[in-house]
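Below is one structure, written out as structure tokens; comments come after it.
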Number of protein chains: 2
Amino acid sequence: MRLLVVEDNAELGALLTKGLAASGFAADVVGTAQDAREALAAARYAAIVLDLGLPDGDGLGVLRKLRERRDTTPVLVLTARSSVRDRVTGLRDGADDYLVKPFALEELVARLHALLRRPGELLGRSLRVGNVVFDTEARQVFVADTPQFFSLREVAVLEILMRRSGRVVSKKLVEDHLFGLSGDVGSNAVEVYIHRLRKQLADSGAKAQIHTIRGVGYLIAEEKEP
Amino acid sequence: MRLLVVEDNAELGALLTKGLAASGFAADVVGTAQDAREALAAARYAAIVLDLGLPDGDGLGVLRKLRERRDTTPVLVLTARSSVRDRVTGLRDGADDYLVKPFALEELVARLHALLRRPGELLGRSLRVGNVVFDTEARQVFVADTPQFFSLREVAVLEILMRRSGRVVSKKLVEDHLFGLSGDVGSNAVEVYIHRLRKQLADSGAKAQIHTIRGVGYLIAEEKEP
DNA sequence: GCGCCTCTGTCAGCTTCCCGTAAGCTGGGT
DNA sequence: ACCCAGCTTACGGGAAGCTGACAGAGGCGC
């Protein structure tokens, strides 16, 4: 899941990136409203974490612009101000949730999950393909009810595929989700992860298969014949 | 198990922390209703021990707020007042149990265990993984029916893992349960306990294994191949 | 009080394994 | 037959975790 974090404090930004990564989010961090606008024009995000106290003006402006465009990407507002007034303004302008600093990382993650679980969204608590089950909350994989041990990256790739099971996922999309904007992809990392995933899935007797669509991407689907 | 203790008498608070620790509870102590609200916003507790005679107002307010939010965390009310009226008010407002000062520490512990054994809870009297059995009441561990002797800390870690057997438990979660809010975690204490647990379990011929999930945490599961 | 012991948390050095890269191979499509 | 996308294997750097030793804090018996 790819997020945009709008936060001018570089230190906190780095902390968030790291913490969110541990929960399977790839976060792009920007420090100004201007950069936020550009990032939003360039890519689609699953959700946005927005600090209101930005140096170059008001974060609320970003939010308003977004909603004017009928963009319904979930926005979680983050701020040091705790007055009722600010909270009301934020929510009236289209924020979906509100968190006051200082906050616990776990609470941020919990609220993001809640937001992403909303109506139209891509989320149940667990995803299933064949006998492979992915628990989105615990970020854990089961094959025929036995827990499997995958690395963080492997889990991330599998999640993307399973969230779109039966549909093709472009290699580019996977790269973006793994690495965010910092597009350092000087290699075939995705191919390597697909390979490792296939191997482990086969070894564990999974009844799900990752197919290759040449020139397009990958697709996970239930395995047919025994 | 992590508890919140709301008690303004610092001396009694310290005493409770210590006594509860001896029974495997990690208690965060706060002295005011305000602090209690903040603690509850920041973390999840297995149960709450609530003194009604607080300096900054009424402890019952905390309880009411909690129940308004549909939070069903068990609450044990603690008070010097012994009138029937107070007792009734407390229970009507959603307290689960009631204890009048002065009280014996053992009685508090017994009642907490009773509360935690309730309906939705994750509790039978004993937990089992492979041939390892954990008696939650006596807080004792058996491997293939022979009793094992672990230290308090070790038992606490094992309990957390076994209550979530087959699922990943983050290292952070274990720290929080062991040390409460007083997050003095300047080291790799959890790793050390995991190490000691593994060693003892192996030595005693346990058919249960603690797996490491890099960058995430640990997981206990039945050992597969013989 | 005095030694003895266990429990705890810390540290430093070692080991393991993840991650990304690269380089050569395979196979499908034209 | 050739080319290119994707597959496979190998490897080095570095982070995460493991492990053995140790010192302080109690607790216990004497």
Side-chain angles (χ1 to χ4, degrees), chain A residues 14 17-19 21-22 24 26 139 141 148-158 161 168-180 182-203 209-220, chain B residues 14-15 17-19 21-24 26 139 141 148-158 161 168-180 182-203 209-220:
Chain A
T17 308
K18 201 169 163 193
R139 309 198 51 68
V141 181
Q148 298 295 316
F149 307 112
F150 292 92
S151 79
L152 279 177
R153 288 296 204 217
E154 288 160 5
V155 167
V157 173
L158 185 62
L161 292 175
V168 180
V169 180
S170 77
K171 198 188 292 187
K172 183 77 171 50
L173 182 75
V174 178
E175 281 176 0
D176 287 352
H177 274 253
L178 284 187
F179 306 112
S182 50
D184 304 41
V185 273
S187 87
N188 58 349
V190 174
E191 289 167 21
V192 173
Y193 283 113
I194 291 287
H195 175 234
R196 290 175 183 160
L197 272 177
R198 279 176 171 152
K199 184 157 188 178
Q200 283 208 47
L201 286 175
D203 288 355
Q209 224 171 358
I210 299 176
H211 301 272
T212 302
I213 317 304
R214 276 213 148 212
V216 187
Y218 300 93
L219 169 160
I220 196 171
Chain B
L15 203 68
T17 309
K18 202 170 161 191
S23 296
R139 307 195 56 67
V141 181
Q148 300 294 318
F149 303 108
F150 292 93
S151 79
L152 270 178
R153 289 297 206 213
E154 288 161 5
V155 167
V157 173
L158 185 61
L161 292 175
V168 179
V169 179
S170 77
K171 200 187 290 187
K172 183 79 171 47
L173 182 74
V174 178
E175 281 176 0
D176 286 353
H177 275 251
L178 284 187
F179 306 112
S182 51
D184 303 43
V185 273
S187 87
N188 59 348
V190 173
E191 288 168 23
V192 173
Y193 283 111
I194 292 287
H195 174 230
R196 290 173 183 162
L197 272 177
R198 277 177 172 151
K199 188 158 188 177
Q200 284 208 46
L201 286 176
D203 289 354
Q209 223 172 358
I210 299 175
H211 299 270
T212 303
I213 289 76
R214 278 212 154 211
V216 186
Y218 300 92
L219 170 160
I220 195 170

Taking N or O atoms only and anything under 3.5 Å, show me the protein contacts with nucleotides 27-29 of chain D, one pair per line.
none

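- In this structure, the side-chain contact (heavy atoms from CB on, under 4.5 Å) partners of Phe150(A), at least two apart in sequence or on a different chain, are Val141(A), Gln148(A), Glu154(A), Val155(A), Leu197(A), Gln200(A), Leu201(A).
- Heavy-atom distances to DNA chain C give each of Glu154(A) and Leu178(B) a nearest nucleotide, and the one nearer the 5′ end belongs to Leu178(B).
- With rounding to whole Å, Lys171(B) atom NZ is found 6 Å from dG17(D) atom C1'.
- Residues forming a side chain to side chain donor-acceptor pair (under 3.5 Å) with Arg198(A) (at least two apart in sequence, or on another chain): Thr212(A).
- From one end of the helix from dG1(C)-dC30(D) to dT30(C)-dA1(D) to the other, with five pairs defining each end axis, the axis direction shifts by 30° (rounded to 10°).
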Practice task
Begin with the C-alpha distance, continue with both residues' side-chain angles, and end with the deciding distance and a verdict on side-chain contact (heavy atoms from CB on, under 4.5 Å) for Leu219(B) and Val169(B).
Solution key: CA-CA 6 Å; Leu219(B) 170 160; Val169(B) 179; over 6 Å; no

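- Using a 4.0 Å cut-off, some side-chain N or O of Ser151(A) falls inside it from OP1 or OP2 of dC19(C).
- Lys172(A) meets the side chain to side chain donor-acceptor pair (under 3.5 Å) test with Asp176(A); sequence neighbours excluded.
- Counting heavy atoms from C-beta outward, Tyr218(B) and Leu161(B) have side chains that approach closer than 4.5 Å.
- Residue order along DNA chain D, read from the 5' end via each residue's closest nucleotide, puts Gly217(A) first among Gly217(A) and Thr212(B).
- Using a 4.0 Å heavy-atom criterion, one finds that Tyr218(A) contacts the sugar-phosphate atoms exclusively.
- Here dT10(C) presents its P atom at 11 Å from CZ of Arg196(B), a figure rounded to the nearest Å.
- In this structure, CG of Leu197(B) is placed 12 Å from P of dT19(D), rounded to the nearest angstrom.
- Atom CD of Gln200(B) is separated from atom C1' of dT6(C) by 12 Å (rounded to the nearest Å).
- In this entry the distance linking NE2 of His195(B) with P of dT10(C) reads 17 Å, nearest Å.
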Every protein N/O within reach of nucleotides 22-26 of chain C N/O, cut-off under 3.5 Å:
from: dA23(C); atom 1: N6; to: Asn188(A); atom 2: ND2; distance (Å): 3.1

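- Residue Tyr193(A) has no polar side-chain atom (N or O) positioned under 4.0 Å from OP1 or OP2 of dC18(C).
- Under the 4.5 Å side-chain criterion, counting only non-hydrogen atoms from C-beta, Arg153(B) is in contact with Leu178(B).
- Distance CG (Leu152(A)) to C1' (dG20(C)): 15 Å, rounded to an integer number of Å.
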